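Written out below as structure tokens is the structure these notes cover.
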Amino acid sequence: MLDLKFIRSNPDIVKEAAKNKGEKIDIDEILELDRKRRDIIGEVEKLKSERNTATSEIARMKKEGRDPSTLISKMKKVSDRISGYDNELRDAETEINRKLLWVPNIPHESVPVGQTDADNVEIRKWGELKSFDFKVRPHWEIGEMIGGLDIPHGASVSGSGFYFSAGPVAKLERALINFMLDLHAGEHGYTEAYVPYLVGENAMRGTGQIPKLEDDMYRIESDGLYLIPTAEVSLTNIHAGEILPPGSLPKKICAFSPCFRREAGSYGKETRGIVRVHQFHKVEMVKIVEPETSYNELESLLENAERVLQLLDLPYRVRVLCTGDLSFSAAKCYDIEVYALGMDAWLEVSSCSNFEDFQARRMNLRYRPEKGARPIFPHTLNGSGVALPRTVAAILENNQTKDGQILIPEVLRSYMAGMERIGI
RNA sequence: GGAGAGGUGGCCGAGCUGGCUGAAGGCAGCUGCCUGCUAAGCAGUUGACGGGGAAACUCGUCCCAGGGUUCGAAUCCCUGCCUCUCCGCCA
């Protein structure tokens with residue numbers, strides 16, 4: 001959420017930002033409502049002040065044995081007017097807030113202006129793309145061959161977009177999870193956590209999933225809860241509504257969690273295999289930081305995520321998203337895409353974003369920089385570190401051998417009882 | 001799931017026979033004084049949000065949340081959420 005005062009004094013910046021993000025927002029309408037709101041406040045507060053004076057006057061009269069009934073009947077009318085204004089005010093504020101929730105964050109100045117994926121800018125590549133002298137297979141074939149991926153049964157149990165991993169691939173997943181958590185919690189300085197997988201509406205609004213992306217979320221109607229699409233939601237909202245004390249930043253937390261996404265409207269694209277599914281596992285990193293440091297923190301967050309792929313020896317590229325591809329809440333975002341040899345495709349396994357104070361403001365998360373200072377909104381960031389299915393797919397495809405085996409990345413072997421390869 | 005108790009400021013904790021309570025008292029914090037240092041002591045001070053104002057300042061709102069009663073609610077009524085205790089159930 002943007003600061004209403006900021007919108008009031010910089011309407012053009014906000015309009016430009018929304019346009020570049022491809023969002024249709026009527027800023028003038030919000031400003032008009034804001035004007036109306038402030039007019040009402042002026043009127044109603046005058047009346048309230050009057051009432052407060054009268055109220056103590058009534059108390060005094062009663063104490064002195066005088067008859068306050070004239071004043072009371074006069075105040076009855078004043079109170080009616082107040083509640084009239086209060087209703088108008090509440091309506092205006094509700095309306096403003098409802099609209100504010102649809103205003104996207106402003107892209108950072110370093111973000112390239114553009115519309116689609118094609119306008120994203122590659123900033124680096126890492127690793128060698130392998131080439132084999134045999135016919136490489138996509139991961140779904142490999143998975144089936146080694147008895148590690150069972151997509152048909154996922155569909156029969158839960159519908160399309162769900163799958164079982166089993167045997168060696170299940171072991172590989174578990175090894176990856178442990179490896180990633182050990183890396184981030186051990187070397188990168190994050191506190192490890194387990195988080196709620198079902199969260200309330202406030203949390204979903206706080207990080208910006210709703211209202212805009214509501215259709216992509218699984219909702220448990222009977223309890224008013226949502227299944228998290230990423231651990232970001234639980235982690236970032238952890239201190240929502242609080243004022244963090246001086247010295248408590250930066251906070252760096254990481255967590256493993258399943259992620260649930262309806263992927264509404266994406267049928268037909270990239271649906272083979274396990275690269276686009278409704279439920280997957282991911283290790284997520286979240287940072288809550290002081291505003292001045294957030295862009296440095298973004299770079300180190302990105303490095304933390306890249307390190308995972310480097311240690312796994314998987315080739316990848318990093319792209320900075322253009323304004324049109326940038327998510328609603330983000331001010332800047334890097335995507336990390338791993339190369340999958342069998343599909344000959346770059347698969348997004350991580351998005352590292354700086355939200356500046358957009359999420360903090362939405363969830364009313366504040367921070368007191370020093371004793372006695374006024375609270376400010378901290379900046380929040382998050383990045384996947386990294387998403388599992390696509391990483392598994394990349395390992396299966398890049399590490400396949402001619403005779404149908406998979407070489408296990410060296411860093412994972414100690415997590416798999418020393419196993420060096422899986423397969424026949 | 002059943003029965004009871006409760007949710008007050010950074011924390012503890014009064015108020016809850018409606019008005020003078022943004023809220024006693026204590027603790028913690030800050031500022032002076034005092035002191036060889038520390039501790040103790042004395043005095044003062046310490047919330048968030050919004051409106052107006054260049055500013056000093058001023059007005060309004062906030063005692064879990066949302067409604068209601070009233071001239072007026074932390075205090076009365078209703079609904080919801082959460083916490084605690086006991087019982088039941090359960091990985």
Side-chain angles (χ1 to χ4, degrees), chain A residues 1-9 30-101 194-206 219-226 234 237-249 251 257-258 357 359-378:
Chain A
M1 189 155 67
L2 298 180
D3 184 4
L4 186 53
K5 284 181 203 150
F6 179 84
I7 299 178
R8 200 186 291 154
S9 41
I30 293 175
L31 291 176
E32 181 52 38
L33 278 165
D34 176 49
R35 246 189 307 279
K36 189 176 152 202
R37 165 181 158 270
R38 284 185 295 157
D39 287 347
I40 299 170
I41 286 174
E43 290 303 315
V44 76
E45 292 198 344
K46 233 184 291 170
L47 292 175
K48 282 184 176 173
S49 176
E50 186 186 332
R51 182 179 71 183
N52 286 342
T53 328
T55 274
S56 33
E57 176 63 15
I58 289 168
R60 187 158 358 108
M61 288 173 86
K62 278 190 163 180
K63 213 172 173 183
E64 292 168 358
R66 290 188 285 150
D67 177 18
S69 55
T70 318
L71 191 50
I72 286 178
S73 59
K74 190 178 157 204
M75 280 307 113
K76 222 173 241 186
K77 287 185 193 114
V78 172
S79 275
D80 284 347
R81 290 179 64 199
I82 289 176
S83 60
Y85 277 127
D86 268 344
N87 286 338
E88 278 184 54
L89 184 60
R90 201 195 42 220
D91 291 348
E93 280 177 347
T94 307
E95 192 59 14
I96 290 171
N97 284 330
R98 208 176 59 77
K99 288 192 162 26
L100 277 182
L101 289 176
Y194 284 97
V195 304
Y197 304 149
L198 287 166
V199 299
E201 200 180 306
N202 285 343
M204 290 294 264
R205 193 181 303 110
R219 182 183 157 86
I220 312 292
E221 205 57 52
S222 55
D223 297 280
L225 295 171
Y226 291 82
S234 307
N237 276 288
I238 190 166
H239 295 296
E242 299 177 12
I243 301 176
L244 300 171
S248 55
L249 300 188
K251 273 187 188 296
S257 86
D357 65 6
Q359 294 182 324
R361 184 170 271 113
R362 271 169 103 94
M363 65 180 72
N364 197 25
L365 164 66
R366 285 169 296 169
Y367 165 63
R368 200 184 300 281
E370 292 170 49
K371 276 196 175 86
R374 315 210 74 195
I376 58 165
F377 292 106

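These numbers were taken from a predicted model, which means no experiment stands behind them. Residue numbers begin at 1 in each chain, while the letters A, B, ... track the order of the sequences.
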Figure out the [atom1]/[atom2] separation between [X] and [N], and round it to whole Å.
| X | N | atom1 | atom2 | answer |
| --- | --- | --- | --- | --- |
| Asn202(A) | G66(B) | CG | C1' | 13 Å |
| Lys63(A) | G19(B) | NZ | P | 11 Å |
| Arg81(A) | C71(B) | CZ | P | 17 Å |
| Asp67(A) | C71(B) | CG | P | 14 Å |
| Glu57(A) | C20(B) | CD | C1' | 13 Å |
| Glu242(A) | G10(B) | CD | P | 12 Å |

When you look at [atom1] of [X], are more than 12 heavy atoms from neighbouring residues, nucleotides or ligands closer to it than 6.0 Å?
| X | atom1 | answer |
| --- | --- | --- |
| Arg66(A) | CZ | yes |
| Glu64(A) | CD | yes |
| Lys99(A) | NZ | yes |

Heavy-atom check, side chain of [X] versus side chain of [Y], under 4.5 Å:
| X | Y | answer |
| --- | --- | --- |
| Leu101(A) | Arg205(A) | yes |
| His239(A) | Lys251(A) | yes |
| Arg366(A) | Arg368(A) | no |

Where [X] and [Y] come nearest, the two heavy atoms and their spacing:
| X | Y | result |
| --- | --- | --- |
| Met75(A) | Glu50(A) | CE-OE2, 3.8 Å |
| Asn237(A) | Ala203(A) | ND2-O, 2.8 Å |
| Pro245(A) | Tyr367(A) | O-CE1, 3.5 Å |

(request) Quick one: label Lys62(A) by what it contacts on the DNA or RNA (base, sugar-phosphate, nothing), any heavy atom closer than 4.0 Å. (result)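 Touches a base.
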Give every pair of a protein N or O atom and an N or O atom of nucleotides 77-82 of chain B that lie under 3.5 Å apart, one pair per line with the distance.
none

(request) Take nucleotides 46-64 of chain B nucleotide by nucleotide from the 5' end and write B, S or -, depending on whether a protein heavy atom sits under 4.0 Å from the base, only from the sugar-phosphate, or from neither. (result) --SSBSS------BSS---
(request) Look at the side-chain N and O atoms of Ser69(A) and state whether any lies under 4.0 Å from the OP1 or OP2 oxygen of C71(B). (result)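 No, because none of the side-chain N or O atoms of Ser69(A) sits under 4.0 Å from OP1 or OP2 of C71(B).
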If the [atom1] atom of [N] is compared with that of [M], how far apart are they to the nearest Å?
| N | M | atom1 | result |
| --- | --- | --- | --- |
| A55(B) | U61(B) | C1' | 24 Å |
| C84(B) | A28(B) | C1' | 26 Å |
| A43(B) | G60(B) | C1' | 33 Å |
| C30(B) | G7(B) | C1' | 30 Å |
| G51(B) | C77(B) | P | 35 Å |
| U8(B) | A73(B) | C1' | 14 Å |
| A14(B) | G68(B) | C1' | 28 Å |
| G88(B) | G15(B) | P | 35 Å |

Paired nucleotide for [N] [Watson-Crick or G-U wobble; both distances under 3.5 Å]:
| N | result |
| --- | --- |
| U35(B) | none |
| G60(B) | C49(B) |
| A5(B) | U83(B) |
| C30(B) | G44(B) |
| C90(B) | none |
| A74(B) | none |
| A24(B) | none |

(message) Looking at Asn87(A) and Ser83(A), would you say the former's side chain and the latter's main chain have a donor-acceptor pair under 3.5 Å?
(response)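 Yes; at least one donor-acceptor contact below 3.5 Å.
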(request) For the pair Glu45(A) and Lys48(A), find out whether any cationic side-chain nitrogen is under 4.0 Å from an anionic carboxylate oxygen. (result)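 No, no charged N to carboxylate O under 4.0 Å.
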